[in-house]
Amino acid sequence: MVQQSVVWEVCDNYQKQTYRNRFHICTDQGLHRLSVPIKHLGDNQGRQQYANVQVDNSSNWQKQQWRTLQTAYRTSPFFEFYEDALTPIFERPYTLLMDFNWDSLRFICESLQITLSDAKTTTYTASPKEELDLRFLVKAKEILSFEFTPYNQVFGERHGFLGNVSVLDLLFNEGPNAIAYLRKQALPFKDA
C-alpha cells in the first residue's frame, strides 16, 4: 500500500486460514496469533463470497483481543499515541468481516498518513492481466520469507526480531518513522 497502487479483491470466495481474519503480534511469549471468529456455512450451502462472510460475535473476541494488544504493547514507545484511534475498532460491533477489515485498513492508512485506495474488484478474475496479482499474500499457511530490516520491538531482547507480524507492531514501536521504514523495504515481487 505504501509502495504500490492497490486494487482490493472483494469478489472472490472466502478461504479459510488467511490473513483476512487473523494477524500476528509479538508478546512476551513470542509470536501470537489473533483471529476474528467467523460464521462458517454448512457444507450443503457451498462457498461464500468474502464480502458476505459474517463475524461470529458469540464470544467477546474484540474485548479479549484489545486486552491482548494492550498487554503486549503498553510499554512500546508509541502505543499511547495510536490507542484512542484504534480503540473504536475493538468496541464497534461488526456483522461482516469485510467491514472490520475496512475499518482496520482506514486506521492503518490514517496512522501512516497515506491514502487508502478505494479501488475494488467488480468481478472475480483468476489471472488479472492489468494488475500485479498479490492475492497470495493473504494465505497464512504459506511461509513467505521476506527479508525486512529489523527494528526495535518490545520483546526483541527476549526473542530477537520477529518478522511478518501485523503493521500494528511497526506502528507501536516506530510511530511516525513507520512510513519511512516501509518505503525503504525492498519488495520481493516481480515488477514491484
Side-chain angles (χ1 to χ4, degrees), residues 1-4 6 15-38 55-56 59-91 94 97 100-114 116 134-190 192:
M1 293 185 321
V2 172
Q3 296 185 21
Q4 296 285 318
V6 175
Q15 297 174 28
K16 295 178 184 178
Q17 300 180 357
T18 65
Y19 288 116
R20 288 186 170 141
N21 73 316
R22 65 182 65 191
F23 59 102
H24 293 94
I25 62 169
C26 300
T27 70
D28 61 337
Q29 300 296 312
L31 200 61
H32 183 78
R33 184 182 76 196
L34 295 174
S35 297
V36 177
I38 62 163
V55 175
D56 181 354
S59 67
N60 201 348
W61 64 273
Q62 288 170 289
K63 185 175 184 178
Q64 181 182 13
Q65 287 188 11
W66 182 239
R67 284 184 181 160
T68 302
L69 285 169
Q70 288 175 313
T71 301
Y73 293 106
R74 176 64 63 200
T75 61
S76 67
F78 295 97
F79 179 81
E80 289 181 358
F81 183 77
Y82 297 106
E83 181 177 17
D84 290 342
L86 185 58
T87 301
I89 294 173
F90 292 93
E91 292 177 341
Y94 290 95
L97 176 62
F100 174 81
N101 288 343
W102 278 112
D103 282 353
S104 299
L105 283 168
R106 276 187 207 95
F107 165 78
I108 291 164
C109 288
E110 287 171 9
S111 299
L112 293 172
Q113 298 181 347
I114 60 174
L116 174 61
L134 299 176
R135 293 178 291 191
F136 68 92
L137 292 173
V138 302
K139 297 177 182 176
K141 284 285 187 176
E142 288 187 22
I143 298 179
L144 303 171
S145 56
F146 298 127
E147 297 297 325
F148 292 132
T149 307
Y151 55 87
N152 290 326
Q153 292 176 316
V154 175
F155 301 104
E157 289 181 13
R158 186 178 299 181
H159 304 292
F161 178 73
L162 297 176
N164 296 330
V165 293
S166 170
V167 70
L168 293 175
D169 185 81
L170 178 64
L171 283 171
F172 296 154
N173 287 296
E174 291 293 316
N177 294 326
I179 188 71
Y181 170 89
L182 291 170
R183 286 189 175 130
K184 290 179 184 176
Q185 301 310 299
L187 296 177
F189 313 123
K190 181 184 174 199

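Across every non-hydrogen atom of Gln153 and Val165, the tightest pair is NE2-CG2, 4.1 Å.
A search for side-chain hydrogen bond (donor to acceptor under 3.5 Å, both in side chains) contacts involving Thr149 returns Gln185, not counting sequence neighbours. Partners of Asp103 under the salt bridge (Lys or Arg N to Asp or Glu O under 4.0 Å) rule, at least two apart in sequence or in another chain, are Arg92, Arg106. By the side-chain hydrogen bond (donor to acceptor under 3.5 Å, both in side chains) test, Glu80 is found to be paired with no residue, residues two or more places apart in sequence or in another chain being considered. Among residues two or more places apart in sequence or in another chain, the ring-ring contact (aromatic ring centres under 6.0 Å, His included) test is passed with Phe155 by none. Listed by chain and residue number, nothing satisfies the ring-ring contact (aromatic ring centres under 6.0 Å, His included) test with Phe78 (two or more places apart in sequence, or in another chain). Under the side chain to side chain contact (heavy atoms under 4.5 Å, CB included) criterion, Ile38 pairs with Tyr14, Asn21, His40, Val53, Leu97, not counting sequence neighbours. Judged as a side chain to side chain contact (heavy atoms under 4.5 Å, CB included), and not counting sequence neighbours, the contacts of Ser111 are Tyr82, Phe107, Leu171. Partners of Tyr151 according to the ring-ring contact (aromatic ring centres under 6.0 Å, His included) rule, which considers only residues two or more places apart in sequence or in another chain, are Phe161, Tyr181. Annotation: ring-ring contact (aromatic ring centres under 6.0 Å, His included) contacts of Phe100 (sequence neighbours excluded): Trp61, Tyr94.
Sorted by first and then second residue, the salt bridge (charged side-chain N to carboxylate O under 4.0 Å, His left out) pairs with a member in residues 160-185 form an empty list; sequence neighbours excluded. Under the salt bridge (charged side-chain N to carboxylate O under 4.0 Å, His left out) criterion, the residue pairs touching residues 64-75 are Arg74-Glu83, with sequence neighbours excluded. Within the structure, salt bridge (charged side-chain N to carboxylate O under 4.0 Å, His left out) pairs that include any residue of residues 148-160 do not occur (at least two apart or interchain).
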- Item | side chain to side chain contact (heavy atoms under 4.5 Å, CB included) between Trp66 and Leu86, worked out | CA-CA 9 Å; Trp66 182 239; Leu86 185 58; 3.6 Å; yes
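If you take CZ on Arg20 and OG on Ser35, they are separated by 15.0 Å, rounding to the nearest 0.5 Å. A distance of 10.5 Å separates CG in Leu69 from CD1 in Ile89, rounded to the nearest 0.5 Å.
The side chain to side chain contact (heavy atoms under 4.5 Å, CB included) test with Tyr73 singles out one residue from Thr68, Asn173, Thr27, Leu168, and that residue is Asn173.
Counting only heavy atoms from C-beta outward, the side chains of Leu170 and Phe148 never approach each other to under 4.5 Å.
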